[in-house]
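Here's the structure we're looking at; comments come further down.
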Amino acid sequence: AQSVTQLDSQVPVFEEAPVELRCNYSSSVSVYLFWYVQYPNQGLQLLLKYLSGSTLVESINGFEAEFNKSQTSFHLRKPSVHISDTAEYFCAVINTGGFKTIFGAGTRLFVKA
Amino acid sequence: DVKVTQSSRYLVKRTGEKVFLECVQDMDHENMFWYRQDPGLGLRLIYFSYDVKMKEKGDIPEGYSVSREKKERFSLILESASTNQTSMYLCASSPAGTGGYEQYFGPGTRLTVT
């Protein structure tokens with residue numbers, strides 16, 4: 001069975017500091033990987049995804065994530081965060097031939113001035 | 001701009017009531033999903049549908065049913081609401097096929113059962 005573990009439930013960080021949100025998954029088959037973001041009082045929206053090819057994927061607002069198959073990880077990073085990045089971030093995995101996405105428990109990122 | 005809408009942002013119901021949560025998408029997507037979101041548990045799949053009148057159970061279908069009579073609309077039904085169904089409910093849709101498509105989410109319905 002697939003599973004997703006987000007290793008930190010909350011991450012407080014000061015504005016302009018770097019941040020890493022950790023995600024590990026388990027699966028016996030090939031997977032696609034996603035990071036979604038949920039701003040307060042909103043639904044989830046896609047931040048970035050890995051399907052194939054380059055293991056480093058980037059979002060338009062400066063986040064990046066690296067697929068590491070040997071460590072079954074897909075950590076999310078940003079070199080310098082803004083107050084507006086305060087949100088909950090969800091890592092998700094799906095079989096390449098599946099319908100069902102498995103979500104992690106989420107990581108709340110608090111960016112402080 | 002793609003859009004998934006949910007009929008209510010906040011809902012308060014009494015124990016034993018029948019509750020309908022409606023979701024509409026305007027992207028002509030084949031796949032639609034209902035999740036519940038609880039703190040520390042992330043999103044858990046209740047039901048999904050990959051075509052009109054088709055439905056599949058997710059991980060936590062007990063106490064819920066669904067209806068998809070039209071492609072754009074997917075309804076979640078709580079036959080007899082209970083306090084342990086107090087939660088945030090999120091609807092999502094995605095294009096046909098499997099795997100690599102992102103899901104588009106509605107804003108959520110926060111349901112309180114008293």
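Heavy atoms only: backbone and side chains are in, while hydrogens, waters and symmetry mates are out.
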Within the supplied structure, the quantity of interest is the number of heavy atoms (other residues, nucleotides, ligands) at a distance under 6.0 Å from [X] [atom1]; does it exceed 12?
X: A:Arg108; atom1: CZ; result: no
X: B:Lys57; atom1: NZ; result: no
X: A:Phe14; atom1: CZ; result: no

*Most heavy-atom pairs under 4.5 angstrom with chain B, which of A:Leu44, A:Val4, A:Val31, A:Leu33?*
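Maximum pair count with chain B is reached by A:Leu44.
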Distance (rounded to the nearest 0.5 Å) between [X] [atom1] and [Y] [atom2]:
X: A:Phe103; Y: B:Gln37; atom1: CZ; atom2: CD; result: 9.5 Å
X: A:Asn41; Y: B:Arg9; atom1: CG; atom2: CZ; result: 6.0 Å
X: B:Gln103; Y: A:Tyr36; atom1: CD; atom2: OH; result: 5.0 Å

*asked:* Counting only non-hydrogen atoms closer than 4.5 Å, does A:Gln6 touch chain B with its backbone (N, CA, C, O), its side chain (CB onward), both, or neither?
replied: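 Neither part.
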_Heavy-atom cut-off 4.5 Å, strictly under: side chain, backbone, both or neither for A:Tyr50 against chain B?_
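Interface part for A:Tyr50: neither.
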Quick check on the hydrophobic clustering: are [X] and [Y] connected, directly or via other members, by side-chain heavy-atom contacts under 4.5 Å?
X: A:Leu46; Y: A:Ile94; answer: yes
X: A:Val13; Y: A:Leu21; answer: yes
X: B:Leu76; Y: B:Val113; answer: yes
X: B:Leu90; Y: B:Leu11; answer: no

*Can you say whether B:Leu43 sits under 4.5 Å from chain A via the side chain, the backbone, both, or neither, judging by heavy atoms?*
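It is both, since atoms from each part get that close.
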*With a 4.5 angstrom heavy-atom cut-off, could you sort out which part of B:Tyr10 is near chain A: side chain, backbone, both or neither?*
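For B:Tyr10, the side chain is the part near chain A, not the backbone.
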*Find out whether B:Tyr35 and A:Thr101 are in side-chain contact, i.e. whether some heavy atom of one side chain is under 4.5 Å from a heavy atom of the other.*
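The answer is yes, as the side chains (C-beta and beyond) meet within the 4.5 Å cut-off.
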*asked:* For a quick test of reading the model, state the closest non-hydrogen atom pair linking B:Gly40 to A:Ala105 and the distance between them.
replied: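 Looking at all heavy atoms of both residues, the shortest contact is O-CB, 3.4 Å.
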